[in-house]
Amino acid sequence: MEPNFHVADPVRITFLGGLGEIGRNCAVFEQDDRLMLLDCGLMFPDADMLGVDLVLPDFTWLRENAHRVEGCVLSHGHEDHVGALSYLLRDLKFPLYGSQLTLGLARSRIEEAGLLGRTSFNPVADGERRRIGPFDCEFIPVTHSVPHGFATAFHTPQGVILHSGDFKIDLTPVDGRVTDLGRIGALGRDPGIRLLLSDSTNAEEPGYTDSESSVGRVLRDIFRAHPGRRIITACFASHIHRIQQIADAAIATGRTVATLGRSMAKNVALAIDMGLLNIPKHSLVDIEAIGGMDPGKVCVISTGSQGEPMSAITLMAAGENRRLTLSEGDVVVISANAIPGNEYSVNRVIDGLYRRGAQVVHAGLAPVHVTGHAMQGELSTMLALARPEHFIPVHGEFRHLTHHSRLAMEMGVVENNVLLAEDGDVVELTDAGLDFVDSVPSGYLYVDGIVGDVSHGVLRDRRVLADEGVIVVVVAVDATSGEVLSEPEIITHGWVYAPEAEALLDEARQQVLAVLEQAADEHQVDFETLKRRVRKSLARFVNERTKRKPMIVPVVVEA
Ligand SMILES: [Zn+2]
Ligand SMILES: [Zn+2]
């Protein structure tokens with residue numbers, strides 16, 4: 001009998017977010033009992049998540065395994081990849097690895113949360129291969145809508161696992177730093193790629209993305225077409241190449257640039273500092289200085305391309321931006337697409353801008369935006385170069401993951417080797433292949449305010465409050481006799497407008513009084529019972545009279 005077949009150690013990957021939604025990307029690689037995070041991002045809430053600021057991955061499993069965490073590799077600096085670090089670092093302590101810019105972008109939230117002492121920032125260079133604990137990571141340049149993103153190749157006992165990060169294949173990127181297809185192809189040939197995890201955001205879109213530099217040409221035309229008029233642009237504050245192209249178009253047409261919005265000012269300073277953004281000093285002025293300038297000599301680069309409530313553009317559209325008041329003839333260029341969920345806000349902002357007399361140019365009218373995520377043609381190219389044995393689509397809603405799986409099969413990955421994993425799944429790569437082995441908690445963690453989680457119960461309450469309103473009933477009852485000591489007071493918001501519904505409110509008061517008097521006759525003095533009876537009878541009354549189901553909050557005070 002043949003002795004000792006070599007059996008290599010298995011490698012596990014646990015998906016905590018990003019597989020089933022666009023956002024809160026977080027995968028955990030496990031090797032030799034150690035854990036390496038790949039990204040730790042947040043998600044922006046849907047309109048029905050009332051009052052929720054952010055959605056995070058469920059970190060329960062990571063907290064339980066905190067002692068095993070070696071670090072976190074960051075693919076790039078977008079919030080959906082780095083934005084949850086300022087929460088996870090409250091409980092865990094681990095170092096970060098990524099490009100200089102990625103670390104710079106990640107740093108600001110961590111700093112604001114006062115958590116700089118709980119991590120360290122370790123820059124890695126394009127093409128660098130670095131051993132971090134048992135993990136042997138190689139950082140491969142990719143193009144995306146923020147500069148200096150990486151695909152990460154994990155050289156493991158189970159062979160190479162390549163994670164694409166967010167990427168597109170831009171052959172003429174603004175900074176000339178192209179996706180390193182050569183290296184990906186080389187890995188695909190030798191030693192071969194055991195498993196590919198690849199960005200699915202645009203897996204439904206046929207064809208190829210346009211190059212970022214095509215936006216520059218469009219912007220130049222717009223600037224040339226509006227001499228003498230003030231031009232205000234909005235884009236993502238992390239889209240340094242877009243900012244560069246806006247600044248280039250402005251400067252080429254004799255304008256001076258000013259930034260508007262805190263994150264825009266911050267990121268522009270950071271990128272200039274790192275040599276990633278080139279705006280000559282004399283071409284950059286403070287926003288306070290533009291008031292007295294000839295409109296034709298000014299270009300403002302602002303935040304708020306997503307219609308975020310307190311952003312510079314949103315305030316401008318409402319006429320409430322302290323630093324900039326729109327005037328007739330201003331041209332506003334929105335150089336971004338509304339990400340799903342933000343369409344309503346963006347449309348409202350555009351309406352507001354028109355109302356103030358501005359002319360608006362957006363992606364629906366001119367090609368002032370291109371996507372940062374690979375479309376089918378590029379995804380196929382990635383699959384053709386990597387020639388992976390196994391495939392898992394990542395970064396997408398379920399439909400995106402499904403389309404990407406089909407594409408992988410069309411490109412020759414064996415059907416059984418394509419795994420449609422979702423948040424919470426744990427997969428294991430062994431000599432025998434790739435399979436699901438476990439699952440961990442992976443629900444949404446809602447954050448409202450600086451700290452504190454919002455539970456599903458709180459959200460449900462908020463939905464009731466938003467849909468039906470609230471009625472608060474305050475009564476004073478004698479603790480021993482149960483006698484009602486004061487006329488019940490009824491306060492309502494969102495049920496009926498109190499000043500116009502006195503008669504109805506009076507009836508409601510009588511209803512409550514009757515319930516309490518009956519209880520007093522029965523010598524019922526248990527406050528919980530009284531509250532329950534008040535709530536029940538008032539709910540019935542409200543429903544009968546108005547066909548509504550507001551939240552009813554009885555407050556029984558002892559006197
Ligand atoms: Zn991204
Ligand atoms: Zn992303």
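As the structure lists them, so they are numbered: ligands from 1, and atoms in each ligand from 1. What's counted below: heavy atoms across the whole structure, side chains too, no hydrogens, waters or symmetry copies.
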_Restricting to N, O or S atoms, which atom of His76 is closest to the Zn ion (ligand 1)?_
NE2

*To the nearest 10 degrees, could you say what angle the Zn ion (ligand 1) makes with ND1 of His78 and OD2 of Asp166?*
170°

*Please name the residue in the list His369, Arg242, Gln245 that meets the side chain to side chain donor-acceptor pair (under 3.5 Å) test with Ser335.*
Arg242

_N/O/S atom of His81 inside 2.8 Å of the Zn ion (ligand 2), strictly under_ = yes

_With a cut-off of 2.8 Å, does Asp80 put an N/O/S atom close enough to the Zn ion (ligand 1)?_
no

_Step-by-step side-chain contact (heavy atoms from CB on, under 4.5 Å) determination, Leu196 to His390_ = CA-CA 6 Å; Leu196 171 67; His390 300 273; over 6 Å; no

*Should the ring pair Phe154 and Phe29 be called parallel, tilted or perpendicular, given that the plane angle runs from 0 to 90° and is split at 30 and 60?*
parallel

_Presence of salt bridge, Arg177 and Asp126, under 4.0 angstrom_ = yes

